[in-house]
Amino acid sequence: MGTTATVSAILTLLAGIGIFLVACQMMSSNLESASSAKLKSLFAKASKSKLIGVGIGTVGTAAIQSSGATTVMTIGFVNAGIISLTQAATIIFGANIGTTVTAQIVALGMFGSNALSTTVIFSAFAGIGAAIATFAKTSAAKTWGGILTGFGMLFVGLSLMSGSMEEFAALDAVKMFLAGINNPLLIVLIGTVLTAIIQSSSVMTSIALAMCVTGLISLDQGIFLTMGSNIGSCVVAIIAGMTSGTNAKRTALIHLLFNCSGVVVFLTAGWLMIALSGDTFGFGVIFERMFPGAPQTQLAMFHTFFNVMTVLLMLPLTGALVNLVSRMVKEQNTATQETLHLHYVDDNMLQAPPVAVGQTKREIIRMAELAMENFDRSISIITTLDFSEQETFARVETEINYMNRALVDFVVRLSDRGGLSGRDKLYLSTVYRTVRDIERIGDYAENIVEYATALKNAGDSFSENALYEISQLKILVHSLYDNVIAAYADENTACLEQANVIEEQIDEFTKKMEDSHIERLGKGICNANTGAQYMELSSNTERIADHLLNVAKTITGVLQVG
């Protein structure tokens, strides 16, 4: 085999890896889009049950074909305080099981040599999927076309990698070099480093499968490479965790310690078996006997066995693992913790766009809650002229303004990601106006506080009748708010209709407030200054109601998509 053939084999391997990575990304994004609603529901239900946590991680990873995305998503949930460290640990445990699905699919595609191979059959799905994606009329059909295309390309990439391995297998120098690498720790290290570079344990495991099938490495060497790939897969989580809060760092460390523990246990068990049997019995021998003549199945089944057993071993120790990482990564100082930040979304959520959409809605609802809290404070200040909460009011107003900017920035980046359904895209297009409406509610509340300051400086205050009318107006606004949030959160059309009714009642009530003010002014009960502040309060509150109703109205367009 000449230099040209060697270079060709290397380039073919790189091409296969590239196609495989693109296929994984294509499958992941389209599977996320197809299972958007289910993914949101799945990851929104963080349970206290360890087994359910493992199930969420397993099913979620199998659904989106990316343990890295699941882990980074989990780090985002922990960072937002949505789930506890214990819940995050169990989801990560499950993600390690879910990622074995890819290896099983790849192993299945390696059967058939004399007749038509499964690799060729599965590769044909790339063309079928591309045709569907190109000519389909509906977004759902295009999504499924993308899934089939990604699935087919997976095996195109695998075929190229396997072909390059056959070329390498023909080189005596390569075979002698690989045969000389017998140290399990060294092979695990090689698997770790290569996976960290590629940033995909699925690709590393698939390369190991191809190398085993072509006889380039032994099954034992393939086993140690897959162990190393488990450690290398932690790199993505570590990068995500290091740029986030304390609990996010702890979650990334849990992932690393969990995977390392599994490797240590299996290396020790393998060494004991070989030592006791006189170098004749180990994991490789066991799986060769269980699945004779099928090296791809032998390695894929070990991969599944390794991850399942590691979960079973570590699950009872979850509490101890959480305590350990909590001691290793100390709490950040208070000043750092009080830095303004979004609570339900962060950059890690961009790894799972459909879930990020649901979390965006939760963040917007939180923003609305803060705006209403400040509205209540403003009414309390202007009716009592007690300014003790003014500092809190200012702090919350600053946070609302920050959320307005941060949410818009996040949604812009989220909208550019793949894996979003047409419904999700339409919802995100409404967010820009929604956060602006909520921010305006905060601004009007700020105006009301300014009117209170004017009253206090002039030594004036509202009459008993005026105070009663303000209290009734506040009740109406809260009733409107309750229906708006119910309509927005649950896409409840009945609540939207009720919100429309209440908003009209507020319009009528503010007109009556104007008439009452004129009557009191004529009787000398209030003066021009108190009247002016009273009318401004009434007008600003009516505008707050308008902005609240705008928030609820955004569901109408989304509901039309179904």
Side-chain angles (χ1 to χ4, degrees), residues 338 340 343 364-404 435 437-486 499 502-503 505-514 516-517 520-521 525-552:
E338 289 181 352
L340 289 173
H343 283 231
I364 289 172
I365 291 172
R366 176 176 171 270
M367 183 181 178
E369 289 172 353
L370 291 175
M372 281 302 293
E373 286 175 11
N374 258 11
F375 168 70
D376 287 345
R377 290 189 184 96
S378 69
I379 294 298
S380 174
I381 290 171
I382 200 168
T383 53
T384 64
L385 297 182
D386 178 357
F387 288 79
S388 59
E389 281 199 286
Q390 190 167 17
E391 185 177 336
T392 302
F393 180 95
R395 177 178 54 77
V396 173
E397 173 62 14
T398 299
E399 184 170 7
I400 291 170
N401 291 335
Y402 164 80
M403 292 180 74
N404 177 37
V435 296
D437 279 316
I438 296 173
E439 193 268 339
R440 292 297 294 148
I441 292 170
D443 290 344
Y444 285 123
E446 194 171 24
N447 290 345
I448 293 173
V449 173
E450 292 174 1
Y451 306 147
T453 302
L455 279 177
K456 185 175 183 180
N457 290 341
D460 293 328
S461 62
F462 292 136
S463 66
E464 289 297 324
N465 287 338
L467 291 173
Y468 174 76
E469 289 169 358
I470 293 170
S471 68
Q472 294 302 112
L473 179 60
K474 179 183 172 182
I475 291 172
L476 281 172
V477 171
H478 269 277
S479 179
L480 172 62
Y481 170 78
D482 291 340
N483 281 278
V484 164
I485 294 301
I502 298 171
E503 196 274 335
Q505 292 175 352
I506 290 173
D507 288 345
E508 293 175 3
F509 191 82
T510 52
K511 290 176 183 176
K512 290 180 181 179
M513 289 175 70
E514 182 179 352
S516 298
H517 155 65
R520 286 192 294 272
L521 193 62
I525 298 175
C526 64
N527 58 39
N529 180 51
T530 56
Q533 309 308 334
Y534 181 79
M535 293 307 298
E536 289 292 350
L537 180 150
S538 170
S539 175
N540 278 254
T541 305
E542 181 185 358
R543 290 169 187 167
I544 285 174
D546 291 338
H547 287 292
L548 280 173
L549 188 60
N550 287 342
V551 173

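Quick note: residue numbers are just sequence positions, from 1. Reckoned from all heavy atoms, side chains included, excluding hydrogens, waters and symmetry mates.
- The side-chain heavy atoms of Met372 and Leu548, taken from C-beta on, include a pair separated by under 4.5 Å.
- Using a 4.5 Å cut-off on side-chain heavy atoms (C-beta onward), Asn401 and Glu439 make contact.
- Pairing each heavy atom of Asn374 with each of Phe393, the nearest pair is ND2-O, 3.1 Å.
- Atom CG in Leu467 sits 6.5 Å away from atom OG1 in Thr383 (nearest 0.5 Å).
- Across every non-hydrogen atom of Tyr481 and Ile365, the tightest pair is OH-O, 4.5 Å.
- Atom CD1 of Ile381 is separated from atom CG of Leu455 by 12.5 Å, given to the nearest 0.5 angstrom.
- Taking His517 as the reference, nothing meets the side-chain hydrogen bond (donor to acceptor under 3.5 Å, both in side chains) condition, with sequence neighbours excluded.
- Rounded to the nearest 0.5 angstrom, Lys456 NZ and Ile382 CD1 are separated by 13.0 Å.
- Shown here are the side-chain hydrogen bond (donor to acceptor under 3.5 Å, both in side chains) partners of Asn527, two or more places apart in sequence or in another chain: Asp460, Thr530.
- A donor-acceptor pair is defined here as one N or O able to donate and one able to accept, closer than 3.5 Å; such a pair exists between the side chain of Thr398 and the backbone of Ala394.
- Annotation: side chain of Ser461 is in contact with side chain of Leu385 (closest heavy-atom distance under 4.5 Å).
- Residues passing the salt bridge (Lys or Arg N to Asp or Glu O under 4.0 Å) test with Glu399 are Arg366, sequence neighbours excluded.
- Annotation: side chain of Asn404 is in contact with side chain of Met367 (closest heavy-atom distance under 4.5 Å).
- Inter-residue side-chain proximity for Phe509 and Glu542 is flagged as unmet; no heavy-atom pair is nearer than 4.5 Å.
- For the pair Asp507 and Glu503, the minimum side-chain heavy-atom distance is below 4.5 Å.
- With respect to the salt-bridge test (charged N to carboxylate O, under 4.0 angstrom), the residues Asp443 and Arg440 qualify.
- Judged as a salt bridge (charged side-chain N to carboxylate O under 4.0 Å, His left out), the pairs with a partner in residues 369-378 (not counting sequence neighbours) are, in order, Glu373-Arg377, Arg377-Glu389.
- Taking every heavy atom of both residues into account, Ala499 and Leu480 meet most closely at O-CD1, 3.3 Å.
- Residues Thr541 and Thr510 form no side-chain contact, since every pair of their non-hydrogen atoms from C-beta on lies 4.5 Å or further apart.
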Report task. Kindly indicate, with the supporting measurements, whether the criterion side chain to side chain donor-acceptor pair (under 3.5 Å) is fulfilled by Ser463 and Asn465. Result -> CA-CA 5 Å; Ser463 66; Asn465 287 338; 5.4 Å; no
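- One distance of note links CG of Leu476 with NE2 of His478; it measures 11.0 Å at 0.5 Å rounding.
- Remark: Phe462 pairs with Tyr534 by the ring pair (Phe, Tyr, Trp, His ring centres under 6.0 Å) rule, at least two apart or across chains.
- The side-chain hydrogen bond (donor to acceptor under 3.5 Å, both in side chains) search around Ser538 returns none, not counting sequence neighbours.
- Closest heavy-atom contact between Ala458 and Asn529: CB-ND2, 3.4 Å.
- Here Asp437 contributes atom CG and Ile544 contributes atom CD1; the two are 12.0 Å apart, rounded to the nearest 0.5 Å.
- The distance from atom OH of Tyr444 to atom CD of Glu536, rounded to the nearest 0.5 Å, is 10.5 Å.
- The minimum heavy-atom distance between Ala445 and Ser378, with the atom names listed, is O-CB, 3.3 Å.
- Between Ile470 and Lys474, every side-chain heavy-atom pair lies at or beyond the 4.5 Å cut-off.
- Heavy atoms only, all atoms of each residue included: Ala371 and Ile441 are closest at CB-CG2, 3.9 Å.
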Query - Met403/Leu370 under side chain to side chain contact (heavy atoms under 4.5 Å, CB included): CA gap, chis, key distance, verdict - result: CA-CA 10 Å; Met403 292 180 74; Leu370 291 175; 3.7 Å; yes
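- Summarising the local packing, CZ of Phe387 is surrounded by more than 12 heavy atoms from other residues, nucleotides or ligands at distances under 6.0 Å.
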